[in-house]
Visitor: 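Sharing a structure with you now.
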Amino acid sequence: MTIAVRPTTIAGDLFDLRTLEALRAQLDGDLITPERPEYDKARQVQDIAVDRYPLAIVRAASARDVAAAVQVAAAHALPLAVRGGGHSLARLSMADDALVIDLSAMRGISIDPETRIARVQGGVTSGDLAGPAGEHGLALTTGDTATVGFGGLASGGGLGFMARKYGMTIDNLLSAQVVTAAGEIVTASPNEHPDLFWAIRGGGGNFGVITEFTLRLAEVPQILGGVLLLPATREVLRGYLEYTATAPDELSTIANLMLGAPFPYTPEEWYGKPVVMVIVCWSGDLEAGERAIAPLRALAEPIADTIAPGPYSSIYDWTAHQEVRHSFSLRSMYANELSDAALDAALEAIANASSPYSLIHLRGLGGALNRVMPDATAYAHRHQRYMYTIIGLWMDADEDPEPHSAWTLSLWEKVRHEGDGVYVNFLQNEGPERVRDAYPPATYARLREIKRRYDPTNLFRLNQNISPAG
Ligand SMILES: Cc1cc2nc3c(=O)[nH]c(=O)nc-3n(C[C@H](O)[C@H](O)[C@H](O)COP(=O)(O)OP(=O)(O)OC[C@H]3O[C@@H](n4cnc5c(N)ncnc54)[C@H](O)[C@@H]3O)c2cc1C
């Protein structure tokens, strides 16, 4: 057994270890400290480049546990990190010397099929919900990867596989249980703490720890889902963009411009060659779906076509490779228009990719996403048509990140002038100006005002931070 020992440990005068023992005694869950064998596994997150040594990890079992941890962190001015599914792109859910609230054991789900209301605990992942909801012919639009946590996903907005039909994940949120910086357990809803309810729908982890989400599910007995693999040309990319932002709402898609990967459906001659992997999710009548997907199939002779009827949960089969731990350098933007130059630059970049896994991820938006008033939630990007994300990706923790980051930044410099804002959940550590890009000025000002009321000391600052100081 190896016990992880950090090269430097927290200075004894900063924190009385007896306080940790007192915290442990209060918990319904567990407190994992460095001498425990589980510590090394517990400090692991999705990103293989994260190798951090927290002071202790509260493996919470209840909102009370979360409140106790928040109170201890506040009382002792400890850095406080919150870990849901552990997929933070900015590597914010695990930190050296921090007290970490780990929600991964809070995975309870209850579904009322009559009212279509689901209550899910703060550590639930998209994949956790998809199966049980599907047993009732129900589904929620969540992210593209089963292992992404609701906590981070939904507090930033939640851009999912049925976004054009049912909006962001938060557009289906009825209320939430939140542990505030004061250590209070409150309900945020249109009637209780309405400002907090507005802020947690897009404001990221700035306002508290969400320990339970109450959501309205949609009736989705079956989808047409799968992959359409197309040759990578400017015409295919242009045709994809033009169609997907205006297609029927039931059609949500993601297009990954990438090098052909050895998936079972990829013909061998396409391994390592530029392709467009369109992941298709149609959530309406199946015959109408075939008609709606036809224009995508007509963009070029498909290299592979796996689209077939199935339960909503089957959509995650096509992104299972994304669940494997990896690391990346990422830049992302929304755009209303994308020039041919931006598409050509992407094609050129992928032909010279930094690794076989690097990709450019395009999404057509529109539909229900854009019919919500921009001031209705803190997620305010309600007019853009596209998302353009550059991901220089590597799979080996010992690999030098530099070539991947140079690749990402080189393409980014060519296209960023076409951007119009960014999704807060698709930011890395890019500085306060980029956090401001995630919100229109009026939204940012309101978020800061609410932050001042709910978290005046900025206890929740290991996130895309909205500082109360301004
Ligand atoms: C492979 C991959 C695929 C992705 N696909 C999508 C996608 O399709 N759509 C999309 O919208 N996003 C997507 N994302 C981005 C994702 O939504 C964010 O990275 C999100 O923060 C991850 O949430 P998490 O709980 O897994 O992460 P964590 O690393 O656990 O948390 C990230 C941050 O969220 C906050 N947080 C976490 N839990 C809570 C909570 N319960 N209450 C309050 N704050 C909390 C904290 O500030 C924390 O630092 C993807 C990310 C990855 C790595």
Side-chain angles (χ1 to χ4, degrees), residues 44-48 50 60 63 66 70 79-95 98 100-104 106-107 120-128 141-163 168-170 176-181 188 196 199-213 252 254 256 279 281 315-316 319-328 330 332 357 359 361 363 365 369 379 381 387 389 391 393 423-429 455 459-466:
Q44 211 175 72
V45 288
Q46 174 72 3
D47 189 325
I48 50 173
V50 175
V66 174
V70 164
L80 181 66
V82 179
R83 183 202 194 280
H87 282 60
S88 168
L89 269 56
R91 305 171 177 168
L92 288 165
S93 46
M94 194 56 59
V100 177
I101 297 175
D102 176 353
L103 298 160
S104 63
M106 290 181 62
R107 305 282 272 272
V120 309
Q121 283 190 305
V124 160
T125 65
S126 297
D128 289 342
T141 183
T142 59
D144 69 3
T145 306
T147 44
V148 170
F150 259 70
L153 177 100
S155 57
L159 184 56
F161 269 129
M162 297 188 292
M168 300 293 282
T169 304
I170 49 160
Q177 183 185 63
V178 184
V179 177
T180 66
L196 181 62
I200 59 166
R201 288 177 294 160
N206 274 284
F207 300 91
V209 184
I210 304 170
T211 43
E212 187 176 274
F213 298 87
S252 292
I254 296 173
N256 289 324
I279 309 169
C281 181
I315 197 69
Y316 290 116
T319 55
H321 60 283
Q322 296 176 184
E323 298 172 22
V324 179
R325 294 182 67 225
H326 56 265
S327 195
F328 44 78
L330 179 146
S332 183
Y357 316 107
L359 68 151
H361 176 90
R363 295 196 194 207
L365 306 171
L369 269 177
Y379 176 89
H381 296 291
M387 180 189 254
T389 305
I391 311 175
L393 195 148
Y423 176 31
V424 72
N425 275 354
F426 277 24
L427 277 174
Q428 290 204 298
N429 278 319
D455 185 15
L459 179 69
F460 299 115
R461 62 180 175 280
L462 291 176
N463 44 45
Q464 300 295 354
N465 196 229
I466 295 162

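In each ligand, atom 1 is the first atom listed, and ligand 1 is the first ligand listed.
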Visitor: Looking only at heavy atoms, what is the nearest atom pair of T389 and M387, with distance?
Guide: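 Reported closest heavy-atom pair: OG1-CG, 3.7 Å.
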Visitor: Just to verify, what does R325 make a side-chain hydrogen bond (donor to acceptor under 3.5 Å, both in side chains) with, not counting sequence neighbours?
Guide: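 Once residues adjacent in sequence are excluded, R325 has no partner under the side-chain hydrogen bond (donor to acceptor under 3.5 Å, both in side chains) criterion.
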Visitor: Just let me know how T145 lines up against ligand 1, side chain, backbone, both or neither, with a heavy-atom cut-off below 4.0 Å.
Guide: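 The answer is the side chain of T145.
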Visitor: Can you check which of G151, A90, A81, G143 brings a heavy atom nearest to atom 40 (C) of ligand 1?
Guide: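 Going through G151, A90, A81, G143 one by one, G151 has the nearest heavy atom to atom 40 (C) of ligand 1.
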Visitor: Give me the residue, atom name and distance of the protein heavy atom closest to atom 27 (O) of ligand 1.
Guide: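 Of every protein heavy atom, H87 N, 3.0 Å lies nearest to atom 27 (O) of ligand 1.
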Visitor: Contact between ligand 1 and G158 is defined here as a heavy atom of the residue under 4.0 Å from a ligand atom; is it met?
Guide: yes
Visitor: Looking only at distances, please establish whether an N/O atom of ligand 1 is found under 3.5 Å from an N/O atom of G84.
Guide: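 Between G84 and ligand 1 (N or O atoms, distance only) the closest approach is under 3.5 Å.
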Visitor: Are any of the N/O atoms on R83, whether in the backbone or the side chain, positioned under 3.5 angstrom from an N/O atom of ligand 1?
Guide: no
Visitor: From the options V66, L92, V100, L103, select the one residue that forms a side-chain contact (heavy atoms from CB on, under 4.5 Å) with V82.
Guide: L103
Visitor: Considering only heavy atoms of L92, which atoms of ligand 1 have at least one such atom less than 4.0 Å away?
Guide: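 By the 4.0 Å cutoff, the relevant atoms are 49 (O).
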Visitor: Below a 4.0 angstrom heavy-atom separation, can you tell me which part of Y423, side chain or backbone, both or neither, approaches ligand 1?
Guide: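 Answer for Y423: side chain.
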Visitor: Would you mind reporting whether I210 and S155 have side-chain heavy atoms less than 4.5 Å apart?
Guide: yes
Visitor: Which atoms of ligand 1 sit under 4.0 Å from any heavy atom of N463?
Guide: 47 (O)
Visitor: Is it true that G86 lies under 4.0 Å from ligand 1, counting heavy atoms only?
Guide: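 Yes; G86 lies near enough to ligand 1 that a heavy-atom distance drops under 4.0 Å.
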Visitor: Between T211, I254, V66, L462, flag the one that comes closest to atom 49 (O) of ligand 1 by a heavy atom.
Guide: L462
Visitor: So which protein heavy atom does atom 46 (C) of ligand 1 come closest to, and at what separation?
Guide: V82 O, 3.7 Å
Visitor: Under the rule for ring-ring contact (aromatic ring centres under 6.0 Å, His included), what residues qualify as partners of F460, not counting sequence neighbours?
Guide: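 Once residues adjacent in sequence are excluded, F460 has no partner under the ring-ring contact (aromatic ring centres under 6.0 Å, His included) criterion.
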Visitor: What part of R461 sits under 4.0 Å from ligand 1 if we count only heavy atoms: the side chain, the backbone, both or neither?
Guide: neither
Visitor: Heavy-atom contacts with G205 under 4.0 Å: which atoms of ligand 1 show up? List them by number with element.
Guide: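 By the 4.0 Å cutoff, the relevant atoms are 44 (N), 47 (O).
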Visitor: For atom 9 (N) of ligand 1, what is the closest protein heavy atom, and at what distance to 0.1 Å?
Guide: L159 O, 2.7 Å
Visitor: How far is atom 26 (O) of ligand 1 from its nearest protein heavy atom, and which residue and atom name does that atom have?
Guide: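 Nearest neighbour among protein heavy atoms for atom 26 (O) of ligand 1, to 0.1 Å: G149 N, 2.8 Å.
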Visitor: Just going by heavy-atom distances, which of N425, T147, I170, D144 is nearest to atom 8 (O) of ligand 1?
Guide: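 Checking each option, the heavy atom nearest atom 8 (O) of ligand 1 is found in D144.
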Visitor: Does any N/O atom on F426 come nearer than 3.5 Å to any N/O atom on ligand 1?
Guide: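 Looking only at distances, the answer is no, because the N/O contact criterion of under 3.5 Å is not met.
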Visitor: Considering non-hydrogen atoms of the protein only, which is the closest contact for atom 10 (C) of ligand 1, and what is the distance?
Guide: L153 CD1, 3.4 Å
Visitor: Only one of T147, D47, T125, T145 passes side-chain hydrogen bond (donor to acceptor under 3.5 Å, both in side chains) with H87; say which it is.
Guide: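 Only one option passes, and that is T147.
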Visitor: Work out whether the distance between some heavy atom of L103 and some atom of ligand 1 is less than 4.0 Å.
Guide: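 Checking ligand 1 against L103, which is what was asked, there is a heavy-atom contact under 4.0 Å.
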Visitor: Quick check on Q46 - does any of its heavy atoms sit under 4.0 Å from an atom of ligand 1?
Guide: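 Q46 does not count as a contact of ligand 1 under the 4.0 Å cut-off.
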Visitor: If you define the side chain from C-beta out and look only at heavy atoms, does anything of F207 sit under 4.5 Å from V178?
Guide: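 Result no, sub-4.5 Å side-chain heavy-atom pair not found.
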Visitor: Does ligand 1 have any atom sitting under 4.0 Å from a heavy atom of G208?
Guide: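 Yes, G208 has a heavy atom closer than 4.0 Å to ligand 1.
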